[in-house]
Amino acid sequence: MIKKILLVVAFLFAATSYAQIVINELDCDTPSTDDKEFIELKSATPFFALDGYVLVLYNGTGSQINLSYYVIDLDGFATDINGIFVVGNQLVSPVPDKFLPESIFQNGPDGVALYLGSSSDFPNNTLATATNLVSAIVYGTNDPDATSLMSILGVTTQLNESSGVGGSTVNSIQRKNDGTYESKTPTPGANNDGSGFIYNGITIAVSTNSTTEVGTFNVTFTTQTNVTSDLNFSFTLDNGSFITADFTGNTSVFIPTGSNSFVTTITLVNDALDEGDELAKVKFGTLPAQYNRLNDEIEVRIIDNDFYTLPFGTPLNPTFGNVSSTAPAGYYATLEGLAGAALKQGLQDIIANPNMVRAHSYGDITDILKTADQNPLNSNQVWLMYKEVPKAKFDFQTSSNNAGKWNREHIYPQSRGGFTDGTSELADGINVWLPTNANDILAGHADAHHIRAEDGPENSIRNNKDYGLTGYNGPSGNQNSWKGDVARSVFYMAIRYNQLSVVNGDIADTTVGQLGDLATLLNWNTLDPRDDFEMNRNNYIYTWQVNRNPFIDYPNLADYIWGGNTGQQWFSTLSNASFEDSQVLLYPNPSKGFVTISGIEQEYTIEVYNNVGSKIVDSKFTGTSQILTNWASGIYIAKITSDSKTIIKKIVVQ
């Protein structure tokens with residue numbers, strides 16, 4: 001069979017003129033997520049060894065013009081029976097011979113060049129060269145010609161992926177038999193003219209992409225055409241911590257002559273261990289020569305049913321008083337009696353103390369958030385602040401595609417703070433740190449007190465906007481359980497770093513060192529009081545950074561620095577902490593048409609505010625009383641004042 005195939009291929013190559021190896025096809029721009037892009041090479045003979053070859057990607061314009069930005073070493077690879085070799089994203093079909101990260105290709109005008117050489121010859125920002133050049137194209141998507149790069153690489157025509165039917169997100173650039181190129185529907189892994197040996201492709205399908213640790217799922221293998229002889233191969237599911245001990249089932253595939261499919265059932269093992277969610281990957285073993293993979297590494301999420309809970313509520317259903325501050329005795333003692341600028345400086349002296357405070361890396365932040373922002377109801381999840389929902393820790397964003405992923409949201413945006421990419425992506429742990437001080441603005445890049453777990457797309461929507469007014473106010477219909485958290489984080493940053501401030505009004509998004517709106521944030525600080533979730537994260541971050549957010553420990557500090565108490569002396573006894581810990585109760589909560597207030601014997605006033613800050617209740621009572629809660633579903637803020645003391649509590653109406 002193979003001898004016949006080789007004879008056919010030899011005839012086809014004899015009828016077609018090619019250089020020894022050329023760039024045969026390029027898809028630099030695909031719809032939306034750029035996850036099906038590829039480069040295809042073609043050799044004049046089948047099974048051509050690619051040892052000693054490298055592909056280099058070049059910038060064609062801008063400040064990095066004519067400089068390399070990515071290199072692909074081809075050692076150890078070879079072309080196939082048609083002389084084809086493909087490097088590309090994981091969703092390219094048939095499956096590429098070598099995978100590339102998503103969104104690696106720039107859309108143009110840029111260049112791709114094939115060289116004899118090593119990847120070490122082309123570190124990033126290497127100037128383009130014709131030395132040892134084998135094949136090159138300069139391309140664009142309706143862009144002006146990159147004439148300088150074309151000249152260096154000896155290219156006379158810039159190729160346009162956007163020409164032809166369908167436009168840039170549909171077509172690829174393909175070499176014709178006469179050596180010229182055209183733009184048409186992509187043909188990865190096959191001759192551009194449809195000739196050559198045609199593989200029988202095999203597809204993997206799974207019955208579900210997500211199941212619990214006590215579940216099962218089916219795996220189906222299907223060939224494009226019925227097999228002409230018995231087909232046998234194996235597959236694996238191992239991936240990271242998911243291993244063969246985590247499942248049972250047949251992983252040997254048998255498709256008899258005349259058939260085209262095989263189904264097997266995988267049964268998961270409930271191990272009673274809290275490992276977090278895992279990902280099984282259904283992956284082909286070695287296939288016979290006449291078959292190829294139309295997809296591979298198909299993922300099945302295994303949701304761990306073993307988790308623990310924490311003794312406090314989520315921000316949507318908060319609890320108060322269950323988590324106490326772990327601030328050491330005397331941590332804030334130096335603030336007693338201070339006012340105005342002295343109070344502000346006193347705070348900075350504590351939270352930016354160069355002899356105490358530690359700066360960690362941005363890589364460490366991922367690990368910090370997995371604990372600091374853990375969903376109290378499930379230890380395998382983080383709580384997404386703006387979206388007000390949990391998300392599996394497993395779904396942290398690791399590529400340029402943020403769909404369905406969570407990532408690290410800077411409450412004081414990187415571009416507005418002036419600390420973009422200021423620390424390393426390397427996570428080196430709690431015991432590796434650098435000293436820091438109030439002038440160390442780059443440390444703000446990885447300061448956990450203003451970085452939260454957040455939905456990737458929502459993080460992009462927030463971008464670098466101010467809060468309130470015409471700025472960012474969260475997703476439509478959310479319950480505003482995050483607004484006080486945001487306010488206290490911004491207040492912290494404005495004190496911690498000399499280069500930062502919080503100001504009134506909306507500031508231009510390009511302004512560095514200022515963030516607004518102060519009046520809105522002061523209001524949020526009151527209407528969304530700090531809860532146990534926020535205190536817990538303050539306590540945990542302290543174990544890493546050895547500093548605290550004082551506006552969580554004492555929220556009213558903000559009023560003495562920026563608000564209605566500015567210029568007055570501050571004392572810890574002015575905090576509402578002792579009153580908040582009293583026996584004042586509001587129940588049932590969530591409300592079922594009314595709320596009972598108990599625990600106060602003397603006269604008191606209750607004010608209730610909705611999620612836009614409008615007062616909807618203002619009443620006086622003595623002793624245990626009730627108020628009707630025939631309001632729209634959502635979270636409301638109750639402000640209870642008695643004997644010159646005030647507490648803030650949330651009322652949830654379902």
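Residues take their numbers from the sequence shown, with the count starting at 1. Because the structure is predicted, anything quoted here is derived from the model rather than measured.
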Option from L268, N209, T265, T267 for which side chain to side chain contact (heavy atoms under 4.5 Å, CB included) with F217 holds: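 Of all the options given, the one that passes is L268.
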Side chains of I84 and E40 in contact at under 4.5 Å (non-hydrogen atoms):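 In contact.
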Just so I know, are the side chains of V56 and T126 near enough to count as touching, which here means a heavy-atom distance under 4.5 Å?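 No; the side chains remain at least 4.5 Å from each other.
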For the NZ atom on K283, are there more than 12 heavy atoms of other groups (residues, nucleotides or ligands in this structure) within a distance under 6.0 Å?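 Incorrect, the count does not exceed 12.
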Kindly state whether the ring of [X] and the ring of [Y] have centres lying under 6.0 angstrom apart.
X: F197; Y: Y199; answer: yes
X: Y291; Y: F233; answer: no
X: F85; Y: F48; answer: no

Candidate pair D277 and R301, rule salt bridge (charged side-chain N to carboxylate O under 4.0 Å, His left out), full reasoning: CA-CA 7 Å; D277 291 0; R301 168 69 65 77; 3.5 Å; yes
Show the numbers, then the answer: is there a side chain to side chain contact (heavy atoms under 4.5 Å, CB included) between E275 and D306? CA-CA 8 Å; E275 302 163 304; D306 305 299; over 6 Å; no
Just checking, R408 and Y362: is the charged tip under 6.0 Å from the six-membered ring centre and within 45° of the axis?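 Judged by the rule, R408 and Y362 form a cation-pi pair.
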Which residue is it: Q174, E25, K42? I am looking for the one with a side-chain hydrogen bond (donor to acceptor under 3.5 Å, both in side chains) to N191.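 Testing each of Q174, E25, K42 against N191, the sole residue satisfying side-chain hydrogen bond (donor to acceptor under 3.5 Å, both in side chains) is K42.
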Hey, what's the ring geometry for Y115 with Y58, parallel, tilted or perpendicular (30° and 60° as the breaks)?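 Judged by the thresholds at 30° and 60°, the geometry between Y115 and Y58 is perpendicular.
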Locate the shortest heavy-atom distance separating T129 from L153; write the atom from each residue and the value.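 That would be O-CD2, 3.7 Å.
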Do D193 and S195 pair up side chain to side chain, a donor and an acceptor below 3.5 Å, judged on atom types alone?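 Distance-only check passes for D193 and S195.
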In terms of side-chain geometry, is the basic nitrogen of K281 or E297 positioned less than 4.0 Å from the acidic oxygen of its partner?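 A salt bridge is present here (some side-chain N lies under 4.0 Å from a carboxylate O).
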Electrostatic pair D455:K391 at N-O distance under 4.0 angstrom: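 Not counted as a salt bridge, because no side-chain N and carboxylate O are separated by less than 4.0 Å.
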Let me confirm one number: the CD-OG1 distance from E37 to T30, rounded to the nearest 0.5 Å.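 The distance works out to 4.5 Å.
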